[in-house]
Every structure is written in structure tokens, then in C-alpha cells.
Colleague: 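This is the structure I have questions about; it appears just below.
If you read the sequence from its start, that first residue is 1, and numbering goes on from there.
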Amino acid sequence: MDRRGYRVAIVGASGEVGRSMIETLERYPIPVSSLRLLASKRSVGKIYSFRNVNVVIEELTENSFDDIDLAFFSAGGSVSLKYAPIAVSKGAVVIDNTSAFRMDPNIPLVVPEVNAHILSKETRLIANPNCSTIQLVVALKPLRERYGIESVNVSTYQAISGAGAKALYEYDAELTDEDHLPQILPTRSDEVYYKIAHNVIPQIDVFMESGYTKEEIKMINETQKILNDDEIKVNATCVRVPVRYGHSISTTVKLKSPISTRMEVIDLFEKCKDVVLQDDISHQTYPMPLYLQHRDEVFVGRIRKDLFEEQVIHFWIVADNILKGAALNSVQIAYYMHQNGLLGD
């Protein structure tokens, strides 16, 4: 490892997102002088390679953040609530990938392509948004800048990996053993479980009194916060599908001004550096998660002008939920802060 650079910690290093953070940080041009991998006691001793150096996972304790400059958290909300403030108190900048701080009005919720400008030298704790929200707001940005947005309606098709590594293992077991009893999906905190193999589950996280799930409310609230606009009407239906990696979103947007043709929107996305356009219906070209897993970009396609309303468009978004939806977005936040001199004293 580079002898000059940031002293970095990753909390939840043995999890699906944590491992992806290690890999993503390795390939990003962020100078790292040391890396500390932290997890619960059951993962202690596991070894991961980082820039040709073997790093052993240590148990997370209150003393884990001594001499740490930058800490990534992805070990669950309760862990973040307890340990993130400790890390900040010891001088670290914390980028948290859980829902613990997302809706705190005093903590920035950041997608670098959309609102990194709100970060400053004084920012010590940053929240990473929900995976589906991230890819949604990246795709909404050029539309909002050009036309303004009145409302957004989405239906998500979310990959199993969004529920964690154990959900993936359970999916594999269901494929090979039709008598396997599910114990994880829709959500581990409920009492009823359904198989995801050969199935579609219209529930992600627990139901709220409104009839929406917690995942749907996250998308609604987080989109408004990131775009800094409480007047944008957002509605979501979040669905778990039997796909290993890659969330897809069917998106309907009502713009504040009309568009003339479908090609006008296609041209806008084609010129946007933050998304990759895949929209060639003559060759059946459109984003699909099977072919885009382990890719960094947000992909957009199936762009249509509404048949009845001039200000309404429909399109399809796909992104890798573990990368752009979690690990990559966190590292991109750190990279932006590094580039702009916002890390360190």
C-alpha cells in the first residue's frame, strides 16, 4: 500500500457490500496508507487482499477508529448508530451505507453526480442513499435540469442480493431443492416467508400504516431530499424478483414543460455523461440486469413519450445494486471529497 494517504476502515467488511467496497476502493485513485477491515466476532480472522497486501478482519470495537481518517460503514443501521458517532468523534469522516442517518436533516444524503456540491470541509458524516434511489436520481437529473419535474412514479424490480448474501444462498438452495423452506424473504423481521425462485414478491421490507412498505417510503423521502424539492410527487412500488444482481426500475415522469418527440429525450440522455443510453428498438437493445451486473454505470432505455399527455415520459433504468447502489457510490463520495480537498485536516 501507498505509504502516503488516508487511513481507512471498512465496517461490515465481510458482507456483500463490504467486500465490494474493498474491491472498488482498490481500483479507485484514492491514496490509502492503511486499511482496517472490521466486522463482528464471527468474521474475525478472514483475510482479504487489498493492493497486493493481505488484510485480516478485526472485531469491531469502540477503539477501532483510533488513527482512522475515513470510515465506510455497511453493517446494519444499529451498528452505524452506535459506532459512526464514535468514529466521527475520533476525527474520521464517515460514509454510511445504512438507513440510520439518511433522513436526518443535518446529515447530507449524497449521490455525487447529483448533489456532491453540498459537501464541505466541515462534513464529517455522510449518508449513502437506498440502492434504488441512487440509480433513479442519476437518471432524473438531466430531465430535471432541462424540463423540471412535477411527479415521478416507479415500479422497481429489485435483485435478491439487495437482501444480502444469505438471501442469495437461500435462492440457490431453492433452485436445487424444491422442498427448501424459505426463512428470509420478503423480510427477515416478519413471520411469513416466501420463496423467490420462480417467483415475484411485491414486498420489500415491512409494511407501514399507509400500506406502503418501508422500502417504498425510503425511495419517496430520499428522492425529495437528494433533489432538495419536497414538492416533487414521488410514488413507488418495490418488488423483489429472481435476479441475482442488478435493480431495474420502470419509471414514469411528469415534466413541468412538454416534449416534442421521443428522440428529444433520447438525445438528452445520449449527451448526459452520467448515464449510458441503451435504446435501439430496431435491434431490441435496452438495459437488462443479466448483462450489466458488475458494471459501474447507470443504464437507461425503453424511452417513450406518453400517448396521451404531452408532459409525460416513460423509461427503464438498470444498475448494479451492490456497486452503484451501494459500494461504488460510497467510494465515489470519498473520491469527490479527496479531489476537492475535503478529507483530512
Colleague: Which residues pass the side-chain hydrogen bond (donor to acceptor under 3.5 Å, both in side chains) test with Glu297, sequence neighbours left out?
Modeller: Arg295
Colleague: Apart from Tyr291 itself, what residues make up its hydrophobic cluster when side-chain heavy atoms of I, L, V, M, F, W and Y under 4.5 Å apart count as a link, directly or indirectly?
Modeller: Tyr286, Met288, Leu290
Colleague: Is a side-chain donor or acceptor of His247 paired with a backbone partner of Ala159 at a separation under 3.5 angstrom?
Modeller: yes
Colleague: Could I get the full list of side-chain hydrogen bond (donor to acceptor under 3.5 Å, both in side chains) partners for Tyr147, not counting sequence neighbours?
Modeller: Glu264
Colleague: Crowded around Arg302 CZ? As in, over 12 foreign heavy atoms under 6.0 Å?
Modeller: no
Colleague: Would you say Met219 and Val154 make side-chain contact, with heavy atoms under 4.5 Å?
Modeller: yes
Colleague: Applying side chain to side chain donor-acceptor pair (under 3.5 Å) as the test, list every pair that has at least one member in residues 313-327; sequence neighbours left out.
Modeller: Glu113-Lys324, Ser161-Asn321, Thr252-His314, Asp306-His314, Lys324-Asn329, Lys324-Gln332
Colleague: Should Glu310 and Lys305 count as side-chain neighbours, where that means a heavy-atom distance under 4.5 Å?
Modeller: yes
Colleague: Count the heavy atoms belonging to other residues, nucleotides or ligands that lie under 6.0 Å from CG of Asp190, then report whether that count exceeds 12.
Modeller: yes
Colleague: Run the side chain to side chain contact (heavy atoms under 4.5 Å, CB included) test against Ser210 and tell me which residues pass, sequence neighbours left out.
Modeller: Met208, Tyr212, Ile217
Colleague: For residues Asn130 and Ser132, is any side-chain donor paired with an opposing acceptor at under 3.5 Å?
Modeller: no
Colleague: Mind jotting down which residue pairs meet the ring-ring contact (aromatic ring centres under 6.0 Å, His included) criterion with at least one end in residues 215-239? Sequence neighbours excluded, please.
Modeller: none
Colleague: Lys271: which residues meet the salt bridge (charged side-chain N to carboxylate O under 4.0 Å, His left out) condition with it, sequence neighbours left out?
Modeller: Asp267
Colleague: Which atom pairs, one a donor and one an acceptor, fall under 3.5 Å between side chains of residues 15-23 and the rest of the protein, sequence neighbours left out?
Modeller:
unit_1: Glu16; atom_1: OE1; unit_2: Arg19; atom_2: NH2; d: 3.2
unit_1: Glu16; atom_1: OE2; unit_2: Tyr245; atom_2: OH; d: 2.5
unit_1: Arg19; atom_1: NH1; unit_2: Ser14; atom_2: O; d: 2.7

Colleague: Does Arg51 offer a backbone N or O that forms a donor-acceptor pair with the side chain of Glu26 under 3.5 Å?
Modeller: yes
Colleague: Linking directly or through intermediates, with side-chain heavy atoms under 4.5 Å: list the remaining ILVMFWY members grouped with Ile281, chain and number order.
Modeller: none
Colleague: Can you tell me if Arg42 has over 12 outside heavy atoms packed within less than 6.0 Å of its CZ?
Modeller: no
Colleague: With Lys214, which residues qualify under salt bridge (charged side-chain N to carboxylate O under 4.0 Å, His left out), at least two apart?
Modeller: none
Colleague: Taking the six-membered ring where the residue is Trp, are the ring centres of Phe72 and Phe65 under 6.0 Å apart?
Modeller: no
Colleague: Could you list the residues that satisfy side-chain hydrogen bond (donor to acceptor under 3.5 Å, both in side chains) with Ser282, not counting sequence neighbours?
Modeller: Asp280
Colleague: Return each pair, listed once, that meets ring-ring contact (aromatic ring centres under 6.0 Å, His included) where at least one residue sits in residues 174-207; pairs must be two or more places apart or across chains.
Modeller: none
Colleague: Out of curiosity, Cys238 SG to Glu216 CD, how far, rounded to the nearest 0.5 Å?
Modeller: 4.5 Å
Colleague: Is the backbone of Asp67 close enough, under 3.5 Å, to the side chain of Arg7 for a donor and an acceptor to pair up by distance?
Modeller: yes
